[in-house]
2 protein chains.
Amino acid sequence: MKLSKKAEYGMRAMVAMGRAAAGTTFSIQDLAANENIPLKFLEQILLVLKNAGLLRSKRGVGGGYQMQRPANDVPLREIVEAIDGPFDPIGCVQGSRPGKSCECGIAGGCGLGRTMSELRDMVQTWLTETTVAHIIAREAPPQMMSFDI
Amino acid sequence: MKLSKKAEYGMRAMVAMGRAAAGTTFSIQDLAANENIPLKFLEQILLVLKNAGLLRSKRGVGGGYQMQRPANDVPLREIVEAIDGPFDPIGCVQGSRPGKSCECGIAGGCGLGRTMSELRDMVQTWLTETTVAHIIAREAPPQMMSFDI
DNA sequence: TTCATTGTTGATTGATTCTATCGGGATTGG
DNA sequence: CCAATCCCGATAGAATCAATCAACAATGAA
C-alpha cells in the first residue's frame with residue numbers, strides 16, 4: 001500500500017516552498033529542476049494543489065506559485081487527499097459511502113469494516129496533525145564538522 | 001490509498017475460518033459461496049496464505065483449509081503483507097530498501113522519508129497488534145429483541 | 001505593441017497493476 | 001477407478017499510474 005508518485009511529488013514541492021520565507025514565489029521549472037520532478041507532471045500537481053486552496057499562482061514574467069499558508073499550517077492530509085483522495089483501507093468502512101451500506105451487505109456494517117475504520121481514523125488523524133513544517137524539522141541538520149575527530 | 005481486493009478477501013476468508021472451532025476444515029467452494037468471493041480468485045489467495053504459514057491444507061475428498069493458529073494469534077499484518085507486501089507510504093522510508101540510500105539522493109535520508117517512516121511504523125504496529133479475533137469481536141452482536149418496545 | 005515568460009487545460013500514450021478467469025494437473029479418500 | 005479437492009501457470013480485460021504533448025491564456029517588460 002503506497003502513496004502515488006503524484007502525492008509524493010506534491011509533498012516534496014510543498015516542502016521545498018515551505019523552507020523559504022513566506023511570500024517567496026517559485027516557478028514550476030525551478031521546482032522541477034531542484035526536486036527532480038518531471039516538469040509537465042509537476043504542472044498537473046501544482047494545479048491541483050492550487051485548486052485545493054494550498055497554493056496561489058501568478059502568471060507571466062516573474063510569476064509562479066506561492067504557499068497560501070505557512071508550513072506549520074499545512075497538514076499533509078490536505079496535500080495527500082487533494083491528489084490521491086482519502087485514505088480508506090477497504091471500500092467498506094463506516095461513513096465512507098454516505099447513505100450506502102457496507103458492500104458486504106451486512107446491515108450496520110461488518111466487523112472488518114468497523115475495524116478498518118479504526119485504522120483509517122488513526123491514519124487520518126496523523127495526517128491531519130503532521131504538517132509540512134514537521135517534515136522540514138526532520139531534515140538533516142547542517143553537518144557539525146567540529147565534532148568529528 | 002487502498003488495500004487490494006485480494007487482501008480484503010483474504011481477511012474475510014480468515015475471519016470466516018476464525019469464527020469456527022479450531023480444527024474446522026473449509027473447502028474453497030464453501031468459503032467462496034459464503035463470503036461472496038470469486039472462486040478461482042480465492043484459490044490464489046488461500047494458496048498464498050498457506051505458503052505464508054497461516055493456513056494448512058488437505059487435498060482430496062473431505063479436504064480443505066484449516067487455520068494454523070487461533071484467531072487471536074493471527075495479526076492482520078501477516079495476512080496483508082503476504083498478499084500486498086509491506087505498507088510503505090513512499091519508496092523512500094528508512095530501512096525499506098536495505099543497503100540503498102533514499103531515492104531522493106540525500107545521504108542519511110530526507111525529511112519526508114523520516115516522516116513517512118513514522119507513519120509506516122504506526123500502521124505496521126497497529127496491523128501487528130490487531131488480529132482476526134479483533135475483527136470477529138466487532139461483528140454485530142445477535143439482536144436483543146426483548147429490549148425493543 | 002510586441003514578445004518572452006509563465007501558468008492552464010485537455011488529450012494521449014505506454015507501462016504496470018488489478019481483478020479476475022481458464023484449463024488443466026496432482027493428491028486423496030471412498 | 002473416480003469424484004472431490006487443492007495446486008499451478010497462463011491469459012485477458014479493465015483500470016490506474018506516470019508521464020508527455022500540444023495548444024491556449026495571462027502577465028509584465030522592452
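Worth knowing before you read on, the calculation uses all heavy atoms, side chains too, and leaves out hydrogens, waters and symmetry mates. Just so it is clear, the model here is predicted, and its values are computed rather than measured.
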Sequence neighbours excluded - ring-ring contact (aromatic ring centres under 6.0 Å, His included) pairs with any residue from residues 53-75 of chain B
none
Distance, rounded to the nearest Å, where [X] contributes [atom1] and [N] contributes [atom2]:
X	N	atom1	atom2	value
R56(B)	dT5(D)	CZ	C1'	17 Å
L39(B)	dT21(C)	CG	P	9 Å
K6(B)	dT21(C)	NZ	P	13 Å
L3(B)	dT17(C)	CG	P	17 Å
L46(A)	dT8(C)	CG	P	9 Å
K5(B)	dT21(C)	NZ	P	13 Å
K2(B)	dC17(D)	NZ	C1'	16 Å
F41(A)	dC21(D)	CZ	P	14 Å

Does this structure show an ion pair linking E118(A) with R114(A), if we count only N-O contacts that are shorter than 4.0 Å?
no
dC7(D) phosphate, OP1 or OP2: any side-chain N/O from S57(B) under 4.0 angstrom?
yes
Under 4.0 Å from OP1 or OP2 of dA19(D): is there any side-chain N or O of Y9(A) that close?
yes
Polar atom pairs between nucleotides 24-30 of chain C and protein, under 3.5 Å, N or O only, would you list them?
{"from": "dT27(C)", "atom 1": "O4'", "to": "R59(B)", "atom 2": "NE", "distance (Å)": "3.4"}

So do [Y] and [X] actually touch side chain to side chain, heavy atoms under 4.5 Å?
X	Y	value
T130(A)	L119(B)	no
I83(A)	L49(A)	yes
Q44(A)	K6(A)	yes
L54(B)	Q68(B)	no

Does V61(B) belong to the same Ile/Leu/Val/Met/Phe/Trp/Tyr cluster as I28(B), with side-chain heavy atoms less than 4.5 Å apart forming each link?
no
Residues at least two apart in sequence or cross-chain that pass side-chain hydrogen bond (donor to acceptor under 3.5 Å, both in side chains) with S4(B), listed by chain then number, are D84(B)
Does Q29(A) CD have over 12 foreign heavy atoms under 6.0 Å away?
no
Among residues 16-28 of chain B, which contact DNA chain D at a heavy-atom distance under 4.0 Å?
F26(B), S27(B), I28(B)
Closest non-hydrogen atom pair, R19(A) against I136(A)
N-CD1, 3.7 Å
Could I get the full list of ring-ring contact (aromatic ring centres under 6.0 Å, His included) partners for Y9(B), not counting sequence neighbours?
F41(B)
End-to-end bend of the helix from dT1(C)-dA30(D) to dG30(C)-dC1(D) (five-pair axes, 10° rounding)?
0°
